[in-house]
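Below, all heavy atoms of this structure are taken into account, side chains as well, without hydrogens, waters or symmetry copies. We're numbering straight along the sequence, starting at 1. No experiment lies behind these values; they were computed from the predicted model shown.
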Amino acid sequence: MAIRISSLVLLLGAYATLVAAQCPQVHVFGARETTVPPGYGTAGSVVSAIQSAFPGATAEAITYPACGGQASCGSVSYANSVIQGVTAVANQVNSFNTQCPNTVLVLVGYSQGGQIFDDAYCGGGDTNEGLSSTAIPISTAAQKKIAAAILMGDPRHIPGLSYNVGTCQASGFAPRPTGFQCPYAANIQSYCDSADPYCCNGSDANTHQGYANEYGSVALTFVKNKVNAMLSGTGGGSPPVSSTTSAPGGGSTGGAGGGGGTAAHYAQCGGIGYTGPTVCASPYTCKVSNAYYSQCL
């Protein structure tokens, strides 16, 4: 019996070694826009460019309806499609990370595809579509391996975010709340121009479809820098920290600070060098994202 157990352990060890050896250095997840057939959609050229930049890199498309109520995609409502998409992102990213825990991950989403990556990677919920949970559904382990996220024509766009690229100074049709900050802002670029009617308030649908051509090379450079930094051990994503410490008035604080008053929902409430309010307006609490940024959630 002992010999059989030992043999089984050896076989399992050999299998794990084989699986690890087959894992790529880089893996890209792509998510298509609304009504486009299964695959990468307009994000495809960016996904392919990233694969070409890192020989041996693999990719997979997020499997979700990508629908907005049209019969061609099963008449799934936009809100239901987004919710299914966020769940699919979490399931596929977490599953791959479990199989290949050392592989560096990249997210590339277009339009609704950008929205589901935005919701899954940044958390905060999506009340526009009925997504009430503010938690990041991607596992902590997988969050650490995401080097870059490219969002093109993301309807969650709001002006003033550090990772915005383009001419849009307005909000998309499913905007983040004013003051929202993604915990992984340094790993993201979000492309949106003012003429876009979906991520901005313009009226030219052609603009919405042009980001892969207009910003493809910029996105590739950003991804290459982020991936190379993670591969060399000089960069990477630090997962949000869920623990908090008590602050006067029943709130919590995630870092230095101490200004009077209260911070609104999604506003900053702590971090190194921060001097504003550290107590959140009821019923929210101050959650630590990293040493430099805490947010009322």
Side-chain angles (χ1 to χ4, degrees), residues 86 89 107 109 114-129 131-138 140 142-144 146-166 168-192 199-200 222 226 235-245 247 251-259 261-297:
V86 173
V89 170
L107 314 178
Q115 183 170 354
I116 65 174
F117 278 138
D118 191 335
D119 288 344
Y121 188 40
C122 295
D126 192 341
T127 56
N128 307 284
E129 320 305 347
L131 183 63
S132 58
S133 174
T134 60
I136 295 176
I138 296 173
T140 299
Q143 289 173 43
K144 291 180 180 180
I146 297 174
I150 299 299
L151 313 177
M152 292 182 159
D154 179 9
R156 305 235 62 192
H157 180 277
I158 57 173
L161 294 178
S162 60
Y163 46 83
N164 287 348
V165 180
C168 180
Q169 295 299 321
S171 296
F173 70 77
R176 288 287 189 177
T178 301
F180 177 83
Q181 291 288 339
C182 180
Y184 292 105
N187 297 343
I188 300 172
Q189 282 203 334
S190 179
Y191 304 92
C192 181
C199 65
C200 201
F222 178 80
K226 288 294 182 179
S238 299
V241 180
S242 59
S243 61
T244 58
T245 56
S252 306
T253 180
T262 58
H265 192 200
Y266 295 118
Q268 185 173 0
C269 53
I272 296 173
Y274 175 71
T275 58
T278 58
V279 177
C280 297
S282 179
Y284 308 110
T285 57
C286 193
K287 305 290 186 180
V288 178
S289 294
N290 54 54
Y292 296 90
Y293 192 83
S294 299
Q295 185 176 29
C296 290
L297 296 171

Practice item. Assess whether side-chain contact (heavy atoms from CB on, under 4.5 Å) is satisfied between Ile146 and Asn187, documenting all intermediate values. Key: CA-CA 8 Å; Ile146 297 174; Asn187 297 343; 5.6 Å; no
Review point. Taking the side chain from Gln143 and the backbone from Ile138, do they hold a donor-acceptor pair closer than 3.5 Å?
Key: yes
Revision key, fill the gap. Interatomic distance, SG@Cys168 vs CD1@Ile158, rounded to 0.5 Å, equals 11.0 Å
Exercise for review: Please name the pair of heavy atoms, one in Asp154 and one in Ser190, separated by the smallest distance, quoted to 0.1 Å.
Suggested key: CB-OG, 4.2 Å
Review point. How close do Arg156 and Pro175 get, heavy atom to heavy atom, and via which atoms?
Key: NH2-O, 3.1 Å
Practice item. Check whether any side-chain N or O of Lys226 sits under 3.5 Å from a backbone N or O of Ala186 as a donor-acceptor pair, and report yes or no. Key: yes
Review point. Tyr184 and ring-ring contact (aromatic ring centres under 6.0 Å, His included): which partner among Tyr163, Phe117, Tyr121?
Key: Tyr121
Exercise for review: Decide yes or no for Val86 and Pro137: does some side-chain heavy atom of the first lie under 4.5 Å from some side-chain heavy atom of the second?
Suggested key: yes
Practice item. Examine distances only and state if a side-chain atom of Asn164 and a backbone atom of Cys192 form a donor-acceptor pair shorter than 3.5 Å. Key: no
Study note, to complete from the structure: When every non-hydrogen atom of Pro159 is compared with those of Ala170, the smallest separation belongs to CD-O, 3.4 Å
Exercise for review: State, yes or no, whether a side-chain contact exists between Cys182 and Arg176 at a heavy-atom distance under 4.5 Å.
Suggested key: no
**Study point:** Minimum heavy-atom distance Ala174-Glu129, with the two atoms named
**Key:** CB-OE2, 3.5 Å
Practice item. Considering non-hydrogen atoms only, spot the tightest contact between Ala120 and Val89 and give its length. Key: CB-CG1, 3.6 Å
Exercise for review: Please report the C-alpha distance between His157 and Leu151 in whole Å, then the side-chain angles of each, then the deciding distance to 0.1 Å, and finally whether the side-chain contact (heavy atoms from CB on, under 4.5 Å) criterion is met.
Suggested key: CA-CA 10 Å; His157 180 277; Leu151 313 177; over 6 Å; no
Practice item. Quick one: pull up CG in Asp119 and CG in Asn128 and give me the separation to the nearest 0.5 Å. Key: 8.5 Å
**Study point:** Rounded distance (nearest 0.5 Å) linking atom CZ of Phe180 with atom CG of Leu161
**Key:** 8.0 Å
Practice item. Please check if any side-chain donor atom of Gln115 sits under 3.5 Å from a side-chain acceptor atom of Asp126, or the reverse. Key: yes
Check your understanding: When you look at Cys122 and Ile188, which way does the side-chain contact (heavy atoms from CB on, under 4.5 Å) test go after all the steps?
Key -> CA-CA 10 Å; Cys122 295; Ile188 300 172; 3.6 Å; yes
